[in-house]
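Here's the structure, in structure tokens; my notes come after.
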Number of protein chains: 2
Amino acid sequence: MEPRKALVDVVEKISSMMGEFEDKALNSDELSDLTVRQLYYLDIVKKLSYPTFTDLSEEIGVTKPTITTAVNKLIKQGYLKKVHSIEDRRVYNLLLTEAGKRVVDIHDKAHNDFALMISNCLNDQELNKVVEIFTKVIDCQ
Amino acid sequence: MEPRKALVDVVEKISSMMGEFEDKALNSDELSDLTVRQLYYLDIVKKLSYPTFTDLSEEIGVTKPTITTAVNKLIKQGYLKKVHSIEDRRVYNLLLTEAGKRVVDIHDKAHNDFALMISNCLNDQELNKVVEIFTKVIDCQ
DNA sequence: TATATTAATTAGATTGTACTAACTAAAATT
DNA sequence: AATTTTAGTTAGTACAATCTAATTAATATA
């Protein structure tokens, strides 16, 4: 096969495999009362670490009322907490509860599972090559 | 770094890079009147080739009324056509219009762009290694 | 031929996610 | 001290995507 075409082909298949791992992780029982969107909100809260409502709304790109609604629901469901800022009493900082941390970890599980699958398919030398080559891709970008 | 951890790390970063390419492809002007979900419906129509409403509903995992609504909207927007089956006059087969083919191709563009980025970052020898190793992963699964 | 099954549709409701506009309370500025 | 700005909320709305139940029309079966 033409090398360029072969690469696109591999990218396509790997991407759809990753998608399947994501979907499988998302079907976990513990995630059953959360939508994909809600999980995304929780991921962003983790990523930003103790964001305010405004931080969240800027990062996600939705209005503040939308954030209020979404966050309140996640608080009611027990995945988030809001704590008053000490410096400015208008402001809240958001954090994951233990349950929140747990579901974010389950979500991350997809990557672990995928990595596990790869390492089961390859020998040590190939694994090292994969890490080495993709580190180059990541750094080059 | 511990090899196992390094692999998970690489998988995580590559996966989020792929996500960014997907998002960028989705922001194309031609896709602006379509939701992600609608694009997914169009992808599945292409994948199944001339599916019936029932085929679609089974593949996507939603009820037939849902498919009727979704498909009718996509027909009205000019991305799908339905044609009567010759064998069974209750049945329709679905197909992409030219506009439908175009948007599905734009969606696929993410994979091409990602592949292009990879090939710009690596030399020929590394590229061959990537294709070789991931072909092994795909076949092993 | 009458009856049951199947493919798609219609009607009506629900849920999730988003918006704008108007509001409250706190902080910053004049 | 009065005014403006900022952070988050409330109220009301809209739309996408889904469902169940009932319906129509064609096909298959008893």
Side-chain angles (χ1 to χ4, degrees), chain A residues 23 26-27 30-45 48-96 100 103 107, chain B residues 23 26-27 31-45 48-95 100 103 107:
Chain A
D23 290 350
L26 253 40
N27 280 351
E30 284 208 70
L31 268 49
S32 58
D33 68 334
L34 286 167
T35 66
V36 173
R37 190 66 174 165
Q38 285 184 304
L39 216 41
Y40 175 64
Y41 275 71
L42 296 179
D43 276 341
I44 300 294
V45 169
L48 297 184
S49 75
Y50 309 108
T52 65
F53 283 74
T54 303
D55 293 340
L56 251 195
S57 108
E58 280 166 6
E59 176 74 17
I60 295 180
V62 296
T63 61
K64 286 196 268 183
T66 301
I67 295 294
T68 299
T69 317
V71 165
N72 282 340
K73 192 158 181 201
L74 287 166
I75 289 173
K76 195 175 287 173
Q77 287 175 286
Y79 298 111
L80 283 183
K81 263 187 297 206
K82 64 177 181 185
V83 297
H84 254 122
S85 154
I86 353 167
E87 301 114 46
D88 185 336
R89 294 190 47 218
R90 291 170 301 179
V91 173
Y92 293 97
N93 293 101
L94 296 166
L95 53 125
L96 297 170
V103 295
H107 188 202
Chain B
D23 290 349
L26 253 39
N27 280 350
L31 268 48
S32 59
D33 68 334
L34 287 166
T35 65
V36 173
R37 191 64 174 164
Q38 285 184 304
L39 217 40
Y40 175 65
Y41 275 72
L42 295 179
D43 276 342
I44 300 295
V45 169
L48 297 185
S49 75
Y50 310 107
T52 65
F53 282 74
T54 303
D55 292 341
L56 252 195
S57 110
E58 279 165 6
E59 176 74 17
I60 296 179
V62 297
T63 61
K64 286 198 267 183
T66 300
I67 295 296
T68 299
T69 317
V71 165
N72 282 341
K73 193 158 181 200
L74 287 166
I75 289 173
K76 194 175 290 172
Q77 287 175 287
Y79 298 111
L80 282 183
K81 264 188 298 206
K82 63 179 183 184
V83 296
H84 254 122
S85 154
I86 354 167
E87 300 114 46
D88 186 336
R89 296 190 46 219
R90 290 170 301 181
V91 174
Y92 292 97
N93 293 100
L94 296 166
L95 53 125
V103 296
H107 189 202

Look at the side-chain N and O atoms of [X] and state whether any lies under 4.0 Å from the OP1 or OP2 oxygen of [N].
{"X": "Lys82(A)", "N": "dT9(D)", "result": "yes"}
{"X": "Lys73(A)", "N": "dG16(C)", "result": "yes"}
{"X": "Thr35(A)", "N": "dG16(C)", "result": "no"}
{"X": "Thr63(A)", "N": "dC19(C)", "result": "yes"}
{"X": "Tyr41(B)", "N": "dT18(D)", "result": "yes"}

**Message:** Check this for me: does the side-chain of Arg90(A) come within 3.5 Å of the base of dT6(D) through a donor and an acceptor?
**Reply:** yes
Just the rounded figure in Å: distance from [atom2] of [N] to [atom1] of [X].
{"X": "Phe53(A)", "N": "dA26(C)", "atom1": "CZ", "atom2": "C1'", "value": "16 Å"}
{"X": "Lys76(B)", "N": "dT9(C)", "atom1": "NZ", "atom2": "P", "value": "13 Å"}
{"X": "Ile67(A)", "N": "dG16(C)", "atom1": "CD1", "atom2": "P", "value": "17 Å"}
{"X": "Asn72(A)", "N": "dA11(D)", "atom1": "CG", "atom2": "C1'", "value": "14 Å"}
{"X": "His84(B)", "N": "dA26(D)", "atom1": "NE2", "atom2": "P", "value": "8 Å"}
{"X": "Gln38(A)", "N": "dG16(C)", "atom1": "CD", "atom2": "C1'", "value": "8 Å"}
{"X": "Leu39(B)", "N": "dA17(D)", "atom1": "CG", "atom2": "C1'", "value": "16 Å"}
{"X": "Lys64(A)", "N": "dT10(D)", "atom1": "NZ", "atom2": "C1'", "value": "14 Å"}

**Message:** Can you see whether Ser57(A) engages Thr54(A) through a side-chain donor-acceptor pair at a distance of less than 3.5 angstrom?
**Reply:** no
**Complete:** Result for 5'-nearest mapping on DNA chain C, choosing between Asp55(B) and Arg89(A), is Asp55(B)
**Fill in**
Of Ile86(A) and Arg37(A), the one whose closest nucleotide on DNA chain C sits nearer the 5' end is Arg37(A)
[X] side chain, from C-beta outward: closest of [options]:
{"X": "Thr66(A)", "options": "dT9(D), dA7(C), dA18(C)", "result": "dA18(C)"}
{"X": "Val62(A)", "options": "dA18(C), dA27(C), dT20(D)", "result": "dA18(C)"}
{"X": "Asp88(A)", "options": "dT18(D), dA27(C), dA11(C)", "result": "dA27(C)"}
{"X": "Tyr92(A)", "options": "dC19(C), dT9(D), dA8(C)", "result": "dT9(D)"}
{"X": "Val91(B)", "options": "dA26(C), dT18(D), dA7(C)", "result": "dA7(C)"}
{"X": "Pro65(A)", "options": "dA17(D), dA21(C), dA21(D)", "result": "dA21(C)"}

**Message:** If I take atom CZ from residue Phe53(A) and atom OG1 from residue Thr68(A), how far apart are they, to the nearest 0.5 angstrom?
**Reply:** 5.5 Å
Look only at the side chain of [X] and the backbone of [Y], and say whether a donor-acceptor pair between them is shorter than 3.5 Å.
{"X": "Gln38(A)", "Y": "Leu74(A)", "result": "no"}
{"X": "Gln77(A)", "Y": "Asp33(A)", "result": "yes"}
{"X": "Asp55(B)", "Y": "Thr52(B)", "result": "yes"}
{"X": "His84(A)", "Y": "Arg89(A)", "result": "yes"}

**Prompt:** Counting any heavy atom closer than 4.0 Å, what does Thr52(B) reach on the DNA or RNA strands: base, sugar-phosphate only, or nothing?
**Reply:** sugar-phosphate
**Message:** Under 4.0 Å, heavy atoms only, any strand: does Thr54(A) hit a base, just the sugar-phosphate, or nothing?
**Reply:** sugar-phosphate
